[in-house]
Amino acid sequence: MVANDFKAEVLPVSKKLFRFAIYLLNDSDKAMDVVQDVFLKLWQKRDELNQINNIEAYAMRITRNRCLDIIRGDRMVPVDNETNDIMKENAVDVHYEMELSESAEQIKKLIGWLPGLQRTVMQLRDIEQLTYEEIGELTGLEVNAIRVNLSRARKKVRDEFLKINSDEDRRSKTATAKIF
């Protein structure tokens with residue numbers, strides 16, 4: 001079907017399709033969108049339209065189906081409390097996960113900046129999960145020395161981490177204040 005045939009046979013039913021879509025949707029904007037979708041679909045199938053006996057009926061069927069799809073999409077599906085709780089438990093908070101990975105990267109960098117012995121003790125105890133005795137065998141240090149070095153290392157990492165993140169919070173609050 002060429003453009004002139006399409007204009008002559010299909011476009012005259014536009015008002016009828018529009019009225020039908022408004023009847024089904026009770027929304028003129030959505031009805032207009034549906035009619036446009038229908039014409040687009042008919043134009044894409046213009047080569048097959050010669051095989052259809054009643055193009056108007058075919059266009060009405062497409063309009064009805066498209067309206068029903070919109071109605072189904074607009075409906076809210078009620079969820080019971082148990083299902084809602086399960087969905088919340090399984091939902092992944094992307095921002096939280098991103099913050100955790102960023103925090104882990106910051107902590108790894110901070111551990112890398114520690115003095116050699118503190119870095120080694122913290123790596124062996126907190127990351128590799130070795131016991132104090134195993135760390136003592138590897139480093140030649142006594143358990144009390146390991147605990148002191150580990151405590152100092154953790155304090156330095158914690159203090160620097162809080163300092164970095166409090167600076168970021170202050171900067172984001174300042175930027176937000178400037179924007180608004």
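When reading the values below, keep in mind they use all heavy atoms of this one structure, side chains included, and skip hydrogens, waters and symmetry mates.
Ion pair Asp159/Lys156 not flagged as a salt bridge, since none of the NZ, NE, NH1 or NH2 atoms sits closer than 4.0 Å to an Asp/Glu carboxylate oxygen. Ion pairing between Arg154 and Asp126 holds under the 4.0 Å rule for side-chain N and carboxylate O.
Within the 4.5 Å cutoff, no side-chain heavy atoms of Ile146 are placed close to those of Asn149. At least one side-chain heavy atom of Glu160 sits under 4.5 Å from a side-chain heavy atom of Lys163. Looking at Leu17 and Val34, their side chains never come closer than 4.5 Å, going by heavy atoms from C-beta outward. Between Lys45 and Tyr58, the closest side-chain pair of non-hydrogen atoms falls below 4.5 Å.
When all heavy atoms of Gly112 and Arg119 are compared, the closest pair comes out as O-NH1, 3.2 Å. Closest approach of Ser28 to Phe18, counting heavy atoms only: O-CE1, 3.6 Å. Contact record, Leu24 with Cys67: CD1-CB, 3.8 Å, taken as the closest heavy-atom pair. Nearest heavy atom pair, residue Thr120 against residue Thr139, reads CG2-CG2, 4.3 Å. When every heavy atom of Arg125 is checked against every heavy atom of Leu130, the shortest pair comes out as NH1-O, 2.9 Å.
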- Task: Please step through side chain to side chain contact (heavy atoms under 4.5 Å, CB included) for the pair Glu134 and Thr131, ending with a clear verdict.
- Result: CA-CA 5 Å; Glu134 292 171 329; Thr131 65; 3.2 Å; yes
- Working for side chain to side chain contact (heavy atoms under 4.5 Å, CB included), residues Val157 and Trp113: CA-CA 9 Å; Val157 169; Trp113 293 343; over 6 Å; no
- Would Leu42 and Val38 satisfy side chain to side chain contact (heavy atoms under 4.5 Å, CB included), going step by step from the backbone distance to the final call? CA-CA 6 Å; Leu42 289 170; Val38 169; 3.9 Å; yes
- Go through the steps to decide whether Ile62 and Asp37 satisfy the test side chain to side chain contact (heavy atoms under 4.5 Å, CB included), and finish with yes or no. CA-CA 9 Å; Ile62 294 173; Asp37 290 346; over 6 Å; no
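Within a 6.0 Å sphere centred on CD of Glu142, heavy atoms belonging to other residues, nucleotides or ligands number 12 at most.
Expressed to the nearest 0.5 Å, how far CG of Asn165 lies from CD of Glu99 amounts to 9.0 Å. Note that the NZ atom of Lys108 and the OG atom of Ser103 stand 12.0 Å from one another [nearest 0.5 Å]. Here Asp27 contributes atom CG and Ile70 contributes atom CD1; the two are 9.0 Å apart, rounded to the nearest 0.5 Å. Between the CD atom in Glu48 and the CD atom in Gln51 there is a gap of 6.5 Å [rounded to 0.5 Å]. Rounded to the nearest 0.5 angstrom, Thr63 OG1 and Lys41 NZ are separated by 10.5 Å. One finds the CE atom of Met32 at 6.5 Å from the CD atom of Gln36 (value rounded to the nearest 0.5 Å).
A side-chain contact (heavy atoms from CB on, under 4.5 Å) with Met122 is found for one member of Leu110, Ile107, Ile127, Leu114 and no other, namely Leu114.
Residues Val148 and Ile135 are members of separate hydrophobic clusters, defined by side-chain heavy-atom contacts under 4.5 angstrom among Ile, Leu, Val, Met, Phe, Trp and Tyr. Side-chain heavy atoms closer than 4.5 Å link hydrophobic residues (I, L, V, M, F, W, Y) into clusters, and following such links, possibly through other members, connects Val35 to Tyr23.
Seen from the ring of Tyr132, Arg147 counts as a face-on cation partner, given the 6.0 Å and 45° thresholds.
Judged purely by atom type and a 3.5 angstrom limit, Ser14 uses its side chain to pair as donor or acceptor with the backbone of Leu11.
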